[in-house]
Student: 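Below you'll find the structure I mean.
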Amino acid sequence: MVSAGLLKVAVLLSLAASGALGRSIPMSRRDTAASGFTLTGAAAPDTPLTLKIALTQSNPSGLEDALYDVSTPSSLQYGQHLSKEAAAAYVAPSSDTTSAVNSWLQQNGLSATTLTPAGDWISVETTVGQANELLGASYNAYTHDSTGKQVYRTLEYSIPDELESHVAVVHPTVMFPKYSTLSPIVSTRSSKRQQARADVSSESAAASCGSTVTPACLQSLYGIPTTPATESSNVLGVTGYGDNWANKADLKSFLSKYRTDISSSTTYSLETLDGGSDPQSSSDAGVEADLDVEYTVGIATGVPVTFLSVGETTNDGELDGFLDTINYYLAQDSPPQTITTSYGDWEPDIDEGMAVNLCNAYAQLGARGVSIMFASGDGGVSGVQSKDCTTFLPEFPSGCPYVTSVGGTTGTNPETAVSFSGGGFSNYWAQPSYQSTVVPEYLKYLGTTYTGLYNASGRGFPDVATQAQDFEIVTGGSAEPVSGTSCASPTFAAIISLLNDELIAAGKSPLGFLNPWLYSTAASALTDITSGNNPGCNTNGFSATTGWDPVTGLGTPVFSKLKTAAGL
Ligand SMILES: *[C@@H]1O[C@H](CO)[C@@H](O)[C@H](O)[C@H]1NC(C)=O
């Protein structure tokens, strides 16, 4: 706190120094470093720094219109997904923007490399000293207390006013990386662990849902077929961050225990990004990654599953990983038709410009026919994980209206909301049109309860839910029940990938961006969950009730009905 005062002076001086370049427009600022980081000192001016710059996109509202046109069942364009080039054209910066930014960089002896097919992200190799001049910034070195990692950040930055309409975000600037809290949203049920760890091979798989959830339980509960998918072009992508690695021996042992009807050699293929890897010794196995591959390979029978391991050598923290991940998929000619991610963050911790940019990138992939699932968080109304709070904390990216957020349930008689299921309303994105009937109904039911604690005009999440408590997995060679919406997102994504397999086999388009379909044609293909609630922030949280609710969304899947809703 003491250092923040000193920093203010440094920033003012540096702004004054760059005054000769013309007026500056403040872009973003924060008062202090993120918690968990300690100021080490000023960064040496010759320290190398790679800046990523998001240029203003030419037509994001055109992209949104195009996305809804191809994703809304009543639209004439439904299912006519955009080509890579057509989708990119909406977000490509105008030539004015490109030349304004390039001449600014050239005047400063710098040049840019394009990071995306659309050219809306560029990267610039520079130094701390030059970045301080360029951005009216004051980069300092900060040390992450628990990992000892060092990062360079500034508490505020600005750009010359003639660039105001051309530059959307510069990174890294004010946003600090997350090394631990933006982590797997998995919790283990410790009381069960001891007993379940005993012996992987001696336990028999439950044929239906008993005290724990298995593939057989999900198959019987949701009517998921066990017959293998047929289309090799239909891919289910699983993303992984933070050195959380999937283990092939664990998957094999999981399949030989819980999917005795398929080959236990069925596995995933590995893709890597940012120096990611997937080491296979038992001690390297990650609970999250094992859960994600076991409940995709284990449920989406016969669907090719890719595990994208995003490393941290060329980025710092999962947020950079999210950006690199979406740009990696956007660069592909044929990205996976279905993608699931069980990582997230508190929305207020993500700079709004960056959040909006990422969300538009999900829209771009959605317009190309990709269904994108994210876990809704494990902290109930306190967001990604449970945390002290005075107002409810929305989760990112669940608040983005162009992704499908998956919440959690437990039990079967009746199936009820699980207490940790993340849910609420975004402060960054307004209520999308596909929610314009069901969300106001929930708000009416809520009345004045929690007024001031949540944003009634925001996008509500989650959209759907599945079981999320006590999933049997094998990790590090041991059987273990785990809980979290991390269980739900892979389960729902597996179901969507099986529907996509049948659609592609029938010569039809894959489902693509799901929400306009889920909230219309498919709404009656989901089982409405009407009990349970998601406590947090010293409240009982929201209650599940008839219709959509910010705990379980529209409800849980019924495969046969979803098939009909998909036109199969
Ligand atoms: C509530 O959401 C709306 C719509 O996204 C937004 O414009 C507004 O700023 C939000 N309010 C707060 C207090 O964040």
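Any value given below was found using the heavy atoms of this structure, including those in side chains, with hydrogens, waters and symmetry copies removed. Atoms within each ligand, like the ligands themselves, are counted from 1 in listed order. Along the sequence shown, residues carry numbers from 1.
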Student: Within the 4.5 Å heavy-atom criterion, are Val174 and Asp351 side-chain neighbours or not?
Tutor: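 Yes - at least one pair of side-chain heavy atoms lies under 4.5 Å apart.
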Student: Below 4.5 Å, heavy atoms only, C-beta onward: do Tyr519 and Val438 meet side chain to side chain?
Tutor: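 Heavy-atom side-chain distance check passes, below 4.5 Å.
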Student: Taking disulfide (SG to SG under 2.5 Å) as the cut-off, I'd like each qualifying pair that reaches into residues 357-390, sequence neighbours left out, listed once.
Tutor: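 Every disulfide (SG to SG under 2.5 Å) pair that includes a residue of residues 357-390, provided the two are not neighbours, is Cys359-Cys400, Cys389-Cys537.
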Student: Let me check something: any side-chain donor-acceptor pairs from residues 360-369 under 3.5 Å, sequence neighbours excluded? List them with distances.
Tutor:
{"unit_1": "Asn360", "atom_1": "ND2", "unit_2": "Gln57", "atom_2": "OE1", "d": "3.2"}
{"unit_1": "Arg368", "atom_1": "NH1", "unit_2": "Leu330", "atom_2": "O", "d": "2.9"}
{"unit_1": "Arg368", "atom_1": "NH2", "unit_2": "Gln332", "atom_2": "O", "d": "2.6"}

Student: Using a 4.0 angstrom limit on heavy atoms, which residues are close to ligand 1?
Tutor: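 Ligand 1 is contacted, at a heavy-atom distance under 4.0 Å, by Asn427, Tyr428, Trp429, Ala430, Asn455, Ser457.
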Student: Please list, chain by chain and in numerical order, all residues satisfying side-chain hydrogen bond (donor to acceptor under 3.5 Å, both in side chains) with Gln467, sequence neighbours excluded.
Tutor: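 Checked Gln467 against side-chain hydrogen bond (donor to acceptor under 3.5 Å, both in side chains); matches are Glu415.
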Student: Would you call the rings of Phe392 and Phe542 parallel, tilted or perpendicular if under 30° counts as parallel and over 60° as perpendicular?
Tutor: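 Phe392 vs Phe542 ring planes: perpendicular.
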